[in-house]
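Every number for a ligand or one of its atoms is a count from 1 in the order of the listing.
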Amino acid sequence: MGALSAQAAQTVNLGHTLSDSSHYSVGADAFKETLERLSDGEFEVVEHPSGALGGERAMIEGLQIGTVDVVITSTGPLGNFVPGTYVLDLPFLFKDYDQARCVLDGEVGQDLLDEMSEHNLVGLAWSENGFRHMTNSKRAVTSPADAEGLKVRTMENKVHMEAFEQMGVHPTPMAFPEVFTALQQGTVDGQENPITVIVATKFWEVQDHLSLTGHVYSPAVVLGSPILIDGLSEEERGWFEQAAQASAEATREEVSRLERDGVELLREKGMTVNTDIDKGPFQEAVKPAYQIYTDQYGSEMLDRVRGSD
Ligand code: EAX
């Protein structure tokens, strides 16, 4: 037997929080297919969906200590590690998918990926979660006044929490793998996530009302562990970057598909969908979150995002 064929493939453990029917799994499959093909079997990707390796914050920590190799995650907990990414979490920052994708694929996106290496993470590619909408089990929400007083699970992200507080809801930060049970048991009244996640997690089983607030764009990112990536040859690293790019493209396509078909599916599953949302009052309510953000981080990144529109 030749030396190469005698060598076992190196296992790459890839984690994410969503189900194996989700847009993240579509992206994970594309990552696996691409890396295994480019490396001619030198690497074998093992997918761990559904939060099997923990919530997003825990998995990011896992990347830093090398217990997980690749993670597809929202930016939810990422600002705790890479503060530059907080700018992306500001509500009503992006007006549509085209604008958000364009910013992430441009200089701002590249600079943020580069910044990750200063924080013991490797940013491989910007992927996508989607525009977030509110769901709850109590009442139809079409204005901030309707939302007032609701207990809403938020991501572990201070920009999001601040914005929701301004809106008058009680934000309850929680890791994603705990959310379904918290909704089922009534620990919280509501949550907010893109159509993609609401579909993949079957939130219709525990939430009656969906309001298409589109209050914030939720990027996802394909991250690598520096412990793995920094030890690779340039060629090998290139394969990981191409696999991440293929993953992001496949995920974005699935997000677009679900934006077309997902709401109808949720109606069929019994959710009451409020499409008639006047975003103005929501935008007005969360404005102080911008001030709080710029007070702490300055306005340079915000200006750059807006300027690259
Ligand atoms: O990244 O925590 C969340 O609500 C995220 O949107 C979800 O884990 C997918």
Side-chain angles (χ1 to χ4, degrees), residues 14-28 31 47-63 68 70-82 85-86 88-91 94 97 100 104 123 125-136 151-161 163-164 169 171-184 187-203 206-207 210 213-223 244 247-248 250-252 254-255 258-259 262:
L14 182 158
H16 65 83
T17 50
L18 299 177
S19 76
D20 60 10
S21 67
S22 64
H23 57 306
Y24 284 2
S25 272
V26 168
F31 186 93
E47 299 179 33
H48 304 270
S50 305
L53 303 180
E56 293 184 332
R57 176 207 284 269
M59 284 192 291
I60 294 170
E61 283 166 0
L63 290 170
V68 51
V70 174
V71 169
I72 301 173
T73 176
S74 73
T75 52
L78 190 58
N80 296 314
F81 301 85
V82 187
T85 64
Y86 273 133
L88 302 172
D89 302 313
L90 285 163
F94 296 114
Y97 279 99
L104 292 172
W126 285 108
S127 184
E128 189 163 76
N129 196 13
F131 275 92
R132 303 178 78 91
H133 307 291
M134 293 174 68
T135 71
N136 81 92
K151 258 184 119 175
V152 176
R153 176 270 176 176
T154 68
M155 295 198 286
E156 299 164 286
N157 179 298
K158 66 179 179 185
V159 173
H160 279 207
M161 289 171 66
F164 280 105
V169 309
T172 308
M174 196 183 286
F176 187 78
E178 295 163 33
V179 177
F180 190 93
T181 308
L183 293 167
Q184 193 168 41
T187 318
V188 289
D189 305 315
Q191 65 85 46
E192 44 82 55
N193 251 303
I195 300 296
T196 51
V197 177
I198 299 170
V199 169
T201 318
K202 301 189 173 154
F203 278 147
V206 286
Q207 299 277 270
L210 166 63
T213 45
H215 51 274
V216 68
Y217 176 75
S218 186
V221 62
V222 185
L223 295 173
S247 170
T251 294
R252 281 182 181 179
E254 182 66 358
V255 172
L258 282 161
E259 282 293 334

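For the residue pair T251 / E128, no side-chain donor-acceptor distance below 3.5 Å is found, with atom types taken as modelled. No side-chain N or O of T172 forms a donor-acceptor pair with one of R153 less than 3.5 Å apart. Defined by atom type and a distance below 3.5 Å, a donor-acceptor pair is present between the side-chain atoms of E259 and Y97. A donor-acceptor pair shorter than 3.5 Å can be found between the side chains of D89 and T75.
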Take Y217 and L104 through the test side chain to side chain contact (heavy atoms under 4.5 Å, CB included) and record every step on the way to the result. CA-CA 12 Å; Y217 176 75; L104 292 172; 3.8 Å; yes
Would T73 and L223 count as a side chain to side chain contact (heavy atoms under 4.5 Å, CB included) if you check the C-alpha gap in whole Å, the side-chain angles of each, and the deciding distance to 0.1 Å? CA-CA 8 Å; T73 176; L223 295 173; 3.8 Å; yes
Carefully, step by step, assess T196 and Y24 under the rule side chain to side chain contact (heavy atoms under 4.5 Å, CB included). CA-CA 9 Å; T196 51; Y24 284 2; over 6 Å; no
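Considering backbone and side-chain N/O of T73, none are found under 3.5 Å from N/O of ligand 1. Backbone and side-chain nitrogen or oxygen atoms of E192 are examined, and none is located within less than 3.5 angstrom of a nitrogen or oxygen of ligand 1.
Here the two rings, on H160 and Y86, have centers that are 6.0 Å apart or farther.
Heavy atoms of Q191 stay at 4.0 angstrom or farther from ligand 1.
Of the protein's non-hydrogen atoms, E56 OE2, 2.6 Å is the one closest to atom 1 (O) of ligand 1. In this structure, the protein non-hydrogen atom closest to atom 6 (O) of ligand 1 is N193 OD1, 2.6 Å. Counting protein heavy atoms only, atom 2 (O) of ligand 1 is closest to R153 NH2, 2.9 Å. In terms of protein heavy-atom proximity, atom 8 (O) of ligand 1 is closest to T17 OG1, 3.0 Å.
Neither the backbone nor the side chain of V179 has a heavy atom within less than 4.0 Å of ligand 1.
Less than 4.0 angstrom separates some heavy atom of Y24 from each of these atoms of ligand 1: 1 (O), 9 (C). Applying the 4.0 Å criterion to heavy atoms of R132 picks out, from ligand 1, the atoms 3 (C), 4 (O), 6 (O). Ligand-side atoms of ligand 1 in range of F176: 2 (O), 3 (C), 4 (O), 7 (C), 8 (O), range being under 4.0 angstrom from any heavy atom.
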